[in-house]
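To start, the structure under review is shown below, and the notes come after it.
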Amino acid sequence: MDLDVAIIGGGPAGISAAVEISRWKKFKVALFDSEAELGGIPRSSHIFLFGLRDQKRMYTGRAYVRRLNGLLRRTPVGIHTQATVLDIIPGAPGEVHRIDVLSPAGLDSYECRALLLATGCFERSRFARLIPGARPAGVFTTGALQEIVNLRYEKPGQHALIIGSEDIAFSSVLTLRRADTSIVGMVEEDDEFQTHPALAKAMSLLFRFPIYRGSLVKAIAGNRRVEGVVLATKGGQEIKVECDTVVVTGKLEPYSMLLDNTVIEKDSSTCGPVVDMNLMTSIPNIFAAGNVLRGADMHDLCALEGKRAARNIAKGLESGETDAGERIPIRAQLPIRYVVPQRIIPVQIESHRSSLFGPCTAVQLAHTLKNPVIEAWSDDKLIWEHSYSRLIANTRVPVPIHKFDWSRVDNQKGIILSVRASKS
Amino acid sequence: MEDRVTETQVLIIGGGIVGTAIARELSKYKVDVCLVEKEGDVGSGITKGSLGLLHSGLGICTSRLVKWWDRSVDVNLYLRQPLRTKEKLNIVGRQMLIELQPFLNTKIVKCGRIILAQNQDDMKVLEIMKEVTEGIGIKDLVFLEKNKLQEMEPALDYSKFIEGLYDPGEYSVFPAEWPIAFAENAKQNGAHIVLNTEVKGIEERKGYYVIKTNNGSIKAEFVINAAGLFSDEIAAMIGKVDWSFVMWKSHLMIIENKGYLNHIVSEVIVPQTPRILVPTTEGNLEVGVTMEKGTDKYDYSTTKEMLDFLTDYPQFYIPSISPKKDMIRSFVAYMHFNTRDPDDYIIEWPRERFLNLIVCAPGIGPAPALAQEVVKMLASRGLELIERSDFDPYRHRVWRFIELPADEKNRKIREDPRYGHVICRCKTVTEGEIVDAIHGGASTLDGVKFRTGAGMGPCQGNFCGPKIASLLAQQLQQPLEEVTKKGQGSNYICQST
């Protein structure tokens, strides 16, 4: 089967890309998603903050999904659900790409002139986070929790302890309360909250649970079902918090297994594909958008990114050219976890605008920092710096690359972003 | 569900590799067999936590060195010994397992093993190992020089190693799937496999035994104690026991094998922290193994110190490896030895028709050979053995859908579209396979996991878990809140009070 565009992943990024590219009215587009229902992560979320920046409205997750589905079904895009892409076989330059898809209709291959990877992200398990202890039932990531509570209307447990204090940890407070599960506490490894302190304090007061900062989980207890969690608190005490449920939150990673057996370049700091400012990967006409690029960003930003990728795909297919011009590499050093995109396109620097309301070059920090200064270096030259009062972990920080001193940049060596602590 | 068993000819206590192998062996005859297992699935005890090595020559040697604490003691004292019962059984049993593999649809990674020498002292030990294994009749071990090693394992840090001893016959298996395979085939052939049933007491009567369990009593002519870590407690129910167990608590880890290793690799064994990397049947890398004195049979809790050790040491072998990034899972396993004969099995009849099988590591390789010996022993004490003409050696079903050729895949999907619906994305396991596993005997999430691989990938069941739980509820016709992870008391979601 021959397509112009194949989109892998039917979450906010994938659906928005499909809807956008349909505006050109001349491309044969198909979208593939493993689930029976499109929508991605928002399907299982009930929070009332969906659609702000892309639909200019506020929806619950499910209503947002209905909205996107509605928009998609008005287009001629071929929708394939319960369809799992098994392999991506990139074509030689100028040739078509191929994807192999498994579905209840059988095993099929599709050839396409352009491909968009929008497979989203997954949460690292308690094992990947090296949380010690027994391995009982009752330990969930937020994704599993949301699916159980919001899609199956079941109660995960009676009393839950939450590990992590990013925004996503607080959304699990709401999910747990929806199921009438009580929250016995929240544990954060770092001394700082990994979200706005006001949010953390308000939630802790409203839902009456303690937040143990600077505390480590020593062990999850219980051989069959969770019986409690042993914590080593900041003061050096060891306390056992009784509970029957543990929610492991945060630490989202791109779901990029499809790249593993291909020549598509991966960024080891994001675990997602390397992309340029057009959202094109290292292979011409293979693009990527959404959380597959970096782990976790807000759904509406992913949607806007999908739209942007779609426009670039359309331009490329129309002109027949893939812009293979110079790319300047940009990367980050810890505590900055990554920068996306990883390749700057020189002609687009002038028009780049960093924004909280649309896709742009952005970074995320590994943990919350007070009064950090982000610096941009090229070789041994400082080309930009900016001080912030507080940068919250795992939230998007736009980087105004148009403000860099490009006259001093070594295009071969590229740019490194790092943090200089100004005061602690 | 089966009717409750109240009477049998041979009662096997314990559903580990030994108990289930015996069940299968006995199911070849017109003998009434019942196996009772206290956990929610077979293989839930020691077997599940095994390193998964199918020992050949190097395995025998390294097992002999497991207690070589004091390096000043001559290594010959450990390596040069007469062949033990467990080792004899291993040599025979290993070959039987290899032949059984296509019948049972299990996996064996025929990777071979390399022990690396860092210096001349190590080389001396390896030379003795080669000599000892040749003396046993295993003659295919060969020394490999650096350049040959580099071809076979390019990722290793050769600044540390001078040479290696290669045993092509040492393989890697997935321990949990063998008891499942033996039990399923045994059940197909008429054996009763009874789960969630714990033996509470044993009475000897005239000509038979009464075994009291939490699910009622069973009358049996013969009793086999194959209860692994709990075989001391079972033995004590029938008579005085003049031995106890020394337990070793081990930590193990599974990480992604991103082209790191093709063979089992280790240095010359360092007791208590043998650093061994094993390519697994799932295409991952097992990182083993720490050993601490164990005190509590129910303590399966990992600790930070041991996890840190396991995440740190692999870089000693492979500088480019990053266990933390490639992490899949970590867990605790037990190794135990009896105090009467720490280096071997105890196989004895404490009563006329009550057989104690007190085994220790290795257990997987020897199992089928031990099972055959046990059947002979039962016959010698009066068990009548008439072969069944309808014994079916093939375990039904079981293949990984993703591994089938394309036309087979399409054929299966035409028969049942559920084979086209992927449930576990990480391992590409389909709804069709999961439903098959449930029909084949899986009644828990772990049961589905060990039969299909679903939940064994990087997300560790957080994506597919709710779906698998729903399928279990649907197929077993029970409410979702009764679905468990691994048997009674491990409910997946909230148990309503």
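Lettering of chains follows the sequences in order, A, B, ..., and the numbering in each one begins at 1.
By the 4.0 Å N-to-carboxylate-O rule, A:Arg62 lies close enough to A:Glu37 to be salt-bridged with it. Between A:Asp87 and A:Arg98 there is no salt bridge, since no side-chain nitrogen of the basic residue lies less than 4.0 Å from a carboxylate oxygen of the acidic one. Remark: A:Lys240 does not engage A:Glu227 in a salt bridge, criterion side-chain N to carboxylate O under 4.0 Å. Salt bridge status for A:Arg224 with B:Glu39: present, with a side-chain N to carboxylate O gap under 4.0 Å.
Heavy-atom pairs under 4.5 Å with chain B peak, among A:Arg135, A:Arg126, A:Glu154, at A:Arg135. When each of B:Arg411, B:Met253, B:Lys325, B:Glu431 is scored by its heavy-atom pairs under 4.5 Å with chain A, the top score falls to B:Lys325. Note on B:Asp299, B:Asn462, B:Asp446, B:Ile413: by heavy-atom pairs under 4.5 Å with chain A, the leading option is B:Asn462. Each of A:Gly106, A:Ala36, A:Gly133, A:Ala128 has some count of heavy-atom pairs under 4.5 Å with chain B, and the biggest count is that of A:Gly133. Chosen from B:Cys464, B:Gly487, B:Pro323, B:Cys426, the residue pairing most often with chain A at heavy-atom distances under 4.5 Å is B:Cys426. Chain B forms the most heavy-atom pairs under 4.5 Å with one residue out of A:Lys155, A:Glu123, A:Arg129, and that residue is A:Lys155. Taking B:Gly465, B:Ser470, B:Ala406 one by one and counting their heavy-atom pairs under 4.5 Å with chain A, the maximum is reached by B:Ser470. Put simply, of B:Lys467, B:Lys258, B:Arg418, B:His251, the one with the most heavy-atom pairs under 4.5 Å next to chain A is B:Lys467. Considering only heavy-atom pairs separated by less than 4.5 Å from chain A, the leading option among B:Pro417, B:Gly432, B:Gly461 is B:Pro417. Considering only heavy-atom pairs separated by less than 4.5 Å from chain B, the leading option among A:Thr245, A:Leu130, A:Leu145 is A:Leu130.
With a threshold of 4.5 angstrom between heavy atoms, B:Ile255 does not approach chain A through any atom at all. Contact annotation for A:Ser268: both backbone and side-chain heavy atoms come within less than 4.5 Å of a heavy atom of chain B. Residue A:Gln82 touches chain B through both its backbone and its side chain, counting heavy-atom pairs closer than 4.5 Å. Both the backbone and the side chain of B:Ser330 come within less than 4.5 Å of a heavy atom in chain A. With a 4.5 Å cut-off on non-hydrogen atoms, A:Phe122 touches chain B through its side chain but not through its backbone. For B:Ser322, no part sits under 4.5 Å from any heavy atom of chain A, backbone or side chain. With a 4.5 angstrom heavy-atom cutoff, B:Asn410 touches chain A only via side-chain atoms. Of the two parts of B:Thr484, neither the backbone nor the side chain holds a non-hydrogen atom closer than 4.5 Å to a non-hydrogen atom of chain A. Within the 4.5 angstrom heavy-atom criterion, no atom of B:Met306 approaches chain A. In this structure, chain B has no heavy atom under 4.5 Å from any part of A:Leu151. Heavy atoms of B:Lys409 lying under 4.5 Å from chain A belong exclusively to its side chain. Interface remark: A:Thr84 contributes side-chain atoms only to the contact with chain B (heavy atom separation under 4.5 Å). Interface residue B:Gln488: only backbone heavy atoms are found under 4.5 Å from chain A. Neither the backbone nor the side chain of A:Val248 comes within contact range of chain B; no heavy atoms are under 4.5 Å apart.
Among all heavy-atom pairs drawn from A:Ser171 and A:Ile168, the shortest one is OG-O, 3.2 Å.
The shortest side-chain heavy-atom distance between B:Glu481 and B:Asn491 does not fall under the 4.5 Å cut-off. The closest side-chain heavy-atom distance from B:Met327 to B:Thr311 is below 4.5 Å.
Ring centroids of B:Tyr300 and B:Tyr334 are separated by less than 6.0 Å, placing the two rings close together. Two rings, from A:Phe32 and A:Tyr110, have their centers less than 6.0 Å apart.
Separation of atoms CG (B:Leu277) and CG (B:Leu285) is listed at 5.0 Å; rounding is to 0.5 Å.
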message = A:Asp260 vs A:Lys266, test: salt bridge (Lys or Arg N to Asp or Glu O under 4.0 Å). Steps then yes/no.
response = CA-CA 9 Å; A:Asp260 285 348; A:Lys266 240 177 157 168; 2.7 Å; yes

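A cation-pi arrangement, defined by a distance under 6.0 Å to the six-membered ring centre and an angle within 45 degrees of its axis, is present between B:Lys297 and B:Phe230.
There is no side-chain donor-acceptor pair under 3.5 Å between A:Asp33 and A:Thr81.
Among B:Lys449, B:Arg451, B:Lys486, the single residue meeting the salt bridge (charged side-chain N to carboxylate O under 4.0 Å, His left out) criterion with B:Asp41 is B:Arg451.
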